[in-house]
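Everything below concerns the one structure shown next.
So you know, we letter chains A, B, ... as the sequences are listed, proteins then strands, and number each from 1.
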Amino acid sequence: MQASLANVVKASGDNEDVHFADTVRGGDWGADQEVVRMFVDTAPKAARELAAWGVPWSRVAKGDHETVINGQKAIITERDEAHGLIAQRNFGGTSKWRACYVSDGTGHAMLYAVSDQTIAANIPVHERVEALALLHDGGRCFGAIVRDLVSGLVSAYVAKATVIATGGAGRLYRVTTNAVICEGIGAAIALETGLAPLSNMEAIQFHPTALFPSGILITEGCRGDGGLLRDVNAHRFMPDYEPEKELASRDVVSRRMLDHIASGKGVMSRLGEHLWLDITLLGRAHIEKDLREVQEICRHFLDIDASKDLIPVLPAQHYTMGGVRTRPSGESPGLAGLFAVGEAACWDIHGFNRLGGNSVAETVVAGMIVGEAIADFCDHSQSDITISTGLTHDFLAREEAKIDALLAGTATEDANALRIRMQEIMTEGVGIFRTGANLSAAVEELQTLLKRSRNIGVRTKSRGANPELVTAYRTQKMLKLALCVACGALARTESRGAHFRDDFPRRNDASWLKRTLSIWKSEGDTLPTLDYEPLDVMRMELPPGWRGYGAKDNIAHPDTARRLSEIEVVRKQHATADRFAVQAAVMPYTHLLPERLRGRNQRIEESV
Amino acid sequence: MKAAAGRRLTIIVLRYNPREPECAPHMQSYTIEEADGMTLYIALNEIHERQDPSLQFDFVCRAGVCGCCGMVINGRPGLACRTLTKNLRPEITLAPLPGFELIADLSVDTGKWMRAMSERLHTWIHARDDEPDLTRIEERMEPELAERIYELDRCIECGCCVAACGTALMRKDFVGAVGLNKIARFRLDPRDCRSDEDYYELIGDDTGVFGCRSLLGCHDVCPKNLPLQTQIAFMRRRMALVGIKPSAKMGRHK
């Protein structure tokens with residue numbers, strides 16, 4: 001989890017400003033910079049709140065430690081005053097060691113600590129219940145129509161505020177690190193309102209080190225701790241391409257890996273080509289302490305020992321930067337009372353490429369900021385709702401009719417076959433390298449699949465627990481999302497972050513410094529309607545430039561030079577002021593934070 | 001050991017949906033071709049996609065970290081997602097985990113059980129300070145202690161230990177190794193201000209640590225290799241001391 005606590009010596013000098021710049025560069029200037037500021041300011045508070053809730057963060061031990069940096073053994077001496085504080089490790093695309101961690105089970109430990117608090121606060125959790133549609137009228141969301149996955153009962157939840165926190169849509173792709181349930185259904189039901197836009201759905205991240213061939217994630221901590229990528233000749237190839245080597249941002253490393261395979265240096269296997277991840281140089285003791293999940297995965301899934309053997313890896317779909325477009329408060333700009341957080345949302349701190357460790361950080365930070373906004377929203381008398389039972393019944397009847405149609409038995413399309421074909425199209429045509437021709441073909445075939453999905457038949461007729469029925473209605477929704485990704489990618493005739501067009505390899509700020517909005521206007525449509533939300537360079541704290549890795553030949557935005565000189569003037573005016581005053585003069589953001597989260601973060605090197 | 005090419009697997013599943021009681025519990029066999037690197041996750045999905053879409057089972061992460069796919073594999077509780085078929089004989093019998101409410105076929109409701117256990121044992125940090133100042137540098141902790149806590153924090157609540165427990169199968173109110181391990185985890189954590197007397201109130205009877213009959217099936221099957229045997233033995237000793245001298249100040253200093 002990225003949080004600029006600056007406890008380890010390799011994090012010395014880290015703060016919100018550095019985290020901000022890394023995140024904006026990592027996202028290739030697609031992010032909402034005000035929201036990035038809110039995020040980086042709150043991340044240290046989130047790490048500390050989690051510590052108070054019991055997360056057993058790995059801690060700094062004072063004194064000498066042997067480590068591996070750039071393939072060489074090195075000694076790092078941790079400061080006495082940092083002893084016992086939360087430790088940080090290196091991750092890609094960051095200029096300081098900033099990833100707070102719990103061995104390599106960080107997400108697990110965070111999840112359980114938050115879950116413990118949920119139980120302590122006596123918050124009910126309705127497991128195995130999924131939303132099928134959002135209840136809404138007159139631009140206001142009133143809750144959701146839900147289905148109990150065990151009994152099959154369809155019912156309505158009526159609510160002042162409704163939050164989508166359903167994660168990413170990795171299962172649009174054939175090979176993904178995502179869990180089986182990451183089908184993007186939360187984003188899809190927002191899309192189906194025809195009011196709540198999704199944004200930047202074409203921004204899909206591919207993680208460099210997914211286990212080959214299953215796609216199981218091997219943590220970036222491997223490379224952060226000194227692991228190397230090697231080719232068929234055991235040659236370490238990343239230094240041939242990038243100054244940041246294995247630790248350039250994920251989009252850059254994934255492209256370099258595929259380029260290297262295309263140059264004939266991949267490792268051939270019966271199931272296709274891959275490359276190697278080498279963590280043997282880190283030593284067994286380090287692996288079994290800080291990379292134990294990696295060791296477990298290697299042992300259980302491949303029967304290999306990662307402290308002696310090379311790990312077969314290939315980039316795979318990993319993260320959905322896009323999602324339900326929200327304001328800084330987390331609320332949808334198109335549907336009042338609807339909020340979204342985490343990977344399901346496009347709050348927009350990641351732009352077109354997310355940095356490792358910024359996603360777990362976003363989940364907790366958004367919980368703090370958006371959670372506060374939702375509580376305020378619910379308290380406000382203007383948020384009171386009146387909803388007719390007739391309207392609720394109409395929505396309920398509509399969803400029940402859809403299920404009846406699937407179970408009726410006349411239709412013959414096979415949902416599994418449609419889904420597998422969709423995943424193949426997405427992997428082949430809307431993957432790491434994209435071209436206009438391939439994207440056009442993908443859009444066309446996905447449209448055909450969407451039409452066919454209206455005739456899915458379900459063989460198992462049970463209205464109760466029925467996994468085949470679930471696959472059927474989810475596949476219909478997933479095809480709409482897949483079309484948002486493919487259409488957005490086809491329209492965006494530039495390369496930015498993880499969206500790479502072979503036919504338009506340059507980042508084009510002059511034409512494309514804008515967020516793609518997808519709206520599904522009518523149920524009968526077979527394509528989303530695209531719109532765009534421009535990013536205002538004149539309000540940016542960090543105007544577009546070179547990321548520090550990857551391509552340098554960007555097409556500049558006409559406002560960039562003007563904004564840069566404007567910022568220069570402000571900096572000169574505040575030559576004697578501290579960094580907070582300078583920042584506030586360039587791009588104020590603290591007014592967007594809840595009051596209780598506005599304090600300055602203390603560090604060893606920085607008192608409050 | 002390399003699997004012989006083209007091995008045919010017979011997967012026999014105990015099938016029953018309590019919501020469709022007209023169909024009695026029965027064993028159903030499926031035959032599939034074994035593939036390279038095949039896990040039970042891959043095998044069951046293949047059956048689901050190509051042979052029987054009605055078959056019910058749960059997978060979420062398919063990487064051995066979420067704990068959703070616990071089932072009885074050839075008589076032994078384990079995680080299906082990371083069980084390689086090549087390590088099993090060609091006839092594989094699968095059954096749902098006992099001890100939990102059956103949803104259907106291989107799917108059980110571990111969530112409901114775990115939530116009830118957590119509510120009963122108060123498995124969360126009981127902090128001294130309810131509202132810590134989040135801008136301040138965090139409380140320090142010895143690095144080795146953080147590692148010892150994480151060692152116990154790795155539990156994924158898969159339910160294998162409950163399914164393998166003689167006591168848990170006989171009495172529904174037993175908190176299982178998962179519950180006892182959680183208490184051991186919070187007892188170790190200096191951020192939790194509860195004393196041994198407090199823990200005694202939670203686990204000092206035969207629904208808790210004194211219900212364990214030391215069969216230790218839990219320890220044998222735990223997919224995360226949690227040190228359940230030593231933790232249960234240690235907690236039993238601590239709780240016995242509180243029980244013997246109820247008036248003595250047995251709370252450890254935190």
Proximal component of T42(A), with respect to chain B [non-hydrogen, under 4.5 Å]: neither
Side chain / backbone / both / neither for F57(B) at chain A, heavy atoms under 4.5 Å: neither
K45(A) vs T135(B), side-chain contact (heavy atoms from CB on, under 4.5 Å): CA-CA, chis, key distance, verdict: CA-CA 6 Å; K45(A) 298 177 180 75; T135(B) 62; 3.9 Å; yes
Side chain, backbone, both or neither of L217(A) within contact of chain B (heavy atoms, under 4.5 Å): neither
Test: R115(B) and E127(A) ion pair at under 4.0 Å: no
Contact class of I297(A) relative to chain B, heavy atoms under 4.5 angstrom: side chain
SG-CD1 distance between C66(B) and I181(A), expressed to the nearest 0.5 angstrom: 8.0 Å
Between H83(A) and E142(B), a side-chain donor and acceptor under 3.5 Å: yes
Residue H122(B) versus chain A: region with a heavy atom under 4.5 Å: neither
Q56(B) side chain to A465(A) backbone, donor-acceptor under 3.5 Å: yes
Heavy-atom neighbours of R148(B) CZ exceed 12 at 6.0 Å: no
Heavy-atom contact with chain A under 4.5 Å, split by part of T83(B): neither
T39(B) portion near chain A, given a 4.5 angstrom heavy-atom threshold: side chain
Closest-packed option against chain B by number of heavy-atom pairs under 4.5 Å, given R603(A), R600(A), R292(A), E468(A): R292(A)
Choice from L271(A), N601(A), I86(A), N466(A) maximising heavy atom contacts with chain B below 4.5 Å: I86(A)
Salt-bridge criterion met for E293(A) and R154(B) (N-O under 4.0 Å): no
Under 4.5 Å from a heavy atom of chain A, the part of A63(B) involved: both
Donor-acceptor contact present, side-chain Y112(A) to main-chain I156(B), <3.5 Å: yes
Whether over 12 other heavy atoms sit under 6.0 Å from E46(B) CD: yes
Trace of the side-chain contact (heavy atoms from CB on, under 4.5 Å) decision for E49(B) with I420(A): CA-CA 10 Å; E49(B) 284 180 10; I420(A) 291 168; 3.5 Å; yes
Between I149(B), I125(B), V60(B), the one whose heavy-atom pairs under 4.5 Å with chain A are most numerous: V60(B)
Summary of salt bridge (Lys or Arg N to Asp or Glu O under 4.0 Å) pairs that have at least one residue in residues 57-66 of chain B, sequence neighbours excluded: R128(A)-D58(B)
Heavy-atom pairs under 4.5 Å with chain B, option from V55(A), L211(A), L302(A) with the top count: V55(A)
Atom group of E20(B) that falls short of 4.5 Å from chain A, counting heavy atoms: side chain
Chain A contact via I42(B) - side chain, backbone, both or neither, heavy atoms under 4.5 Å: neither
Distance-only donor-acceptor check, side chains E296(A) and N225(B), under 3.5 Å: no
Interface residue of largest heavy-atom contact number with chain B, from R419(A), R596(A), Q117(A), E49(A), under 4.5 Å: E49(A)
